[in-house]
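Reviewing the structure listed below.
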Amino acid sequence: EARGEAFAQKHGIPLRFSSWEAFLGSGEIDAVYLASPNCMHYPQAMAALNRSKHVLCEKPLALNAAQAQAMIGRAHEAGITLLEAIRPVHDPFLQVVAEALPRIGRVRRATFEFCQYSSRYDRFKAGERPNVFEASLGNGAVMDLAVYCMHCAVALFGMPVSLHAGATRLSNDTEAAGTMLLDYGDQQTTISYSKVTDSVFPSLIQGEDGTLVFDTLNQPSYIRFYHHDKHMEELPFSPIANNMTHELNAFYRMVRFGEPTQAYDEQSIRVMTLLDLARKQIGVDFGECELLD
């Protein structure tokens with residue numbers, strides 16, 4: 001409560017709450033941004049939706065596809081907005097990549113990388129139990145990092161024919177890193193993700209006529225087209241300092257002007273369906289957290 005009071009004073013926020021019920025009961029609150037642990041997304045989003053609050057929910061939208069379906073269904077019933085906050089989907093970079101795909105010819109191989117050494121991993125190695133390495137909270141690297149890669153793959157290529165997943169675990173059984181192979185028949189897409197290592201490699205999409213290369217999926221800074229003759233072309237893309245602005249603007253337009261959410265709803269459910277399959281293969285089970293009311 002003291003921290004909330006200090007934050008409110010610093011930023012000139014007139015309202016502050018120390019109770020979730022009081023917060024949702026306030027007539028001054030129109031919309032809620034959920035950045036809580038993954039295991040809380042479903043119950044908190046449903047509580048907010050049941051109070052007619054619009055919800056911008058951090059990725060992953062829920063712990064499984066069933067929860068996501070229930071959340072989206074409730075939002076539609078109530079006529080209010082629910083949107084998954086997943087940065088690359090709302091960043092213009094993904095549209096630039098999609099429009100450039102015909103130029104590289106038939107896509108044969110893609111690799112999406114998100115390997116980022118967690119700032120809290122040293123604390124874990126020292127014997128602490130920070131939230132991001134606490135499996136009971138519904139996180140793990142597959143939910144926190146692979147979700148970025150999966151969203152990009154589904155947005156660009158749709159649903160694969162099959163998925164094969166493997167993972168590395170820590171001493172407390174939290175899944176810390178992994179690899180997935182998405183088989184599209186005539187194209188293979190690899191997803192590599194990790195909370196305990198860094199990658200120096202960018203993501204890439206290889207076509208028969210050229211290759212697209214781009215960097216960090218949560219905050220991309222460039223898109224490059226490599227022609228067969230090794231000539232490199234910088235594609236038009238203007239990154240901004242904080243690309244969370246894009247998802248917030250999309251959410252605002254949906255709430256204020258009624259822009260449709262259907263395409264984003266379908267995308268979220270497809271991604272959760274694939275993450276369900278991946279977790280089943282690597283043995284990640286969140287137990288009672290995954291149950292619906």
Side-chain angles (χ1 to χ4, degrees), residues 30-36 38 40-50 52-99 101 112 114 138 142-160 163 182 189 191 203 214 217-220 237 240 242-278 292:
D30 300 308
V32 175
Y33 169 57
L34 292 180
S36 50
N38 297 338
M40 299 305 299
H41 289 184
Y42 172 73
Q44 289 182 344
M46 291 297 279
L49 293 169
N50 287 333
S52 297
K53 310 297 186 186
H54 302 284
V55 178
L56 178 62
C57 182
E58 263 301 330
K59 54 76 195 167
L61 184 63
L63 290 186
N64 56 44
Q67 287 185 354
Q69 287 270 21
M71 291 161 64
I72 291 169
R74 182 69 191 101
H76 287 182
E77 289 172 5
I80 50 184
T81 296
L82 168 69
L83 181 67
E84 182 177 11
I86 176 74
R87 286 195 264 178
V89 171
H90 300 284
D91 192 306
F93 115 94
L94 199 61
Q95 185 62 33
V96 174
V97 171
E99 291 174 354
L101 286 180
F112 295 106
F114 200 152
V142 68
M143 302 297 278
D144 288 347
L145 298 181
V147 63
Y148 287 99
C149 305
M150 191 69 79
H151 262 286
C152 291
V154 171
L156 294 171
F157 309 127
M159 293 291 278
L163 179 151
L182 279 60
T189 291
I191 289 175
S203 295
F214 39 92
L217 297 181
N218 63 329
Q219 184 80 46
F237 169 62
I240 61 176
N242 184 355
N243 68 344
M244 292 179 76
T245 300
H246 297 305
E247 61 193 35
L248 188 58
N249 285 339
F251 181 64
Y252 170 76
R253 292 193 304 270
M254 293 170 185
V255 171
R256 182 69 177 83
F257 304 113
E259 287 193 8
T261 63
Q262 183 177 357
Y264 298 104
D265 297 340
E266 293 175 356
Q267 165 95 1
S268 293
I269 291 172
R270 288 174 177 175
V271 168
M272 289 311 311
T273 299
L274 292 172
L275 292 178
D276 285 353
L277 178 58
L292 298 175

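Although no hydrogens or angles enter the test, the distance criterion places no donor-acceptor pair under 3.5 Å between the side chain of Asn243 and the main chain of Pro88. A donor-acceptor pair is defined here as one N or O able to donate and one able to accept, closer than 3.5 Å; such a pair exists between the side chain of Gln219 and the backbone of Ile240.
Atom-to-atom distance recorded for Leu248:CG and Asn242:CG is 9.5 Å, nearest 0.5 angstrom. Annotation: the span from Leu34 atom CG to Lys53 atom NZ amounts to 13.0 Å, rounded to 0.5 Å. To the nearest 0.5 Å, atom CG of residue Leu145 and atom NZ of residue Lys59 are 6.5 Å apart. We find the CD1-NE2 distance between Ile86 and His246 to be 14.0 Å, quoted to the nearest 0.5 Å. Rounded to the nearest 0.5 angstrom, Thr261 OG1 and Gln267 CD are separated by 13.0 Å. Atom CG of residue Leu156 and atom OG1 of residue Thr189 lie 9.0 Å apart, to the nearest 0.5 angstrom.
Between Leu63 and Met143, some side-chain heavy-atom pair lies under the 4.5 Å cut-off. Between Tyr148 and Arg87, some side-chain heavy-atom pair lies under the 4.5 Å cut-off. Between Ile191 and Phe114 the shortest side-chain heavy-atom distance does not fall below 4.5 Å. Residues Val55 and Gln44 are not in side-chain contact: their nearest non-hydrogen atoms beyond the backbone lie 4.5 Å or more apart. Taking 4.5 Å as the limit, every side-chain heavy atom of Leu94 sits out of range of all side-chain heavy atoms of Pro220. The side-chain heavy atoms of Phe237 and Asp91, taken from C-beta on, include a pair separated by under 4.5 Å. Between Leu82 and Leu61, some side-chain heavy-atom pair lies under the 4.5 Å cut-off.
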**Asked** Please walk me through it: do Leu83 and Tyr264 pass side chain to side chain contact (heavy atoms under 4.5 Å, CB included)?
**Response** CA-CA 7 Å; Leu83 181 67; Tyr264 298 104; 3.8 Å; yes
**Prompt:** Please walk me through it: do Met150 and Val142 pass side chain to side chain contact (heavy atoms under 4.5 Å, CB included)?
**Reply:** CA-CA 10 Å; Met150 191 69 79; Val142 68; over 6 Å; no
**Asked** Can Asp144 and Asn38 be said to form a side chain to side chain contact (heavy atoms under 4.5 Å, CB included), step by step?
**Response** CA-CA 9 Å; Asp144 288 347; Asn38 297 338; 3.0 Å; yes
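Side-chain atoms of Glu58 and His41 include no donor-acceptor pair closer than 3.5 Å.
Looking at every heavy atom in both residues, Asp276 comes nearest to Ala65 through OD2-N, 3.0 Å. Residues Ser52 and Ile80 share a closest heavy-atom pair of CA-CD1, 3.8 Å.
With ring centers used as reference points, His90 lies 6.0 Å or more from Phe251.
Between Tyr252 and Phe257, the ring planes lie perpendicular to each other; the angle is over 60°, past the 30° to 60° tilted range.
When the options Glu247, Met71, His151 are evaluated for a side-chain contact (heavy atoms from CB on, under 4.5 Å) with Glu84, the one that passes is His151.
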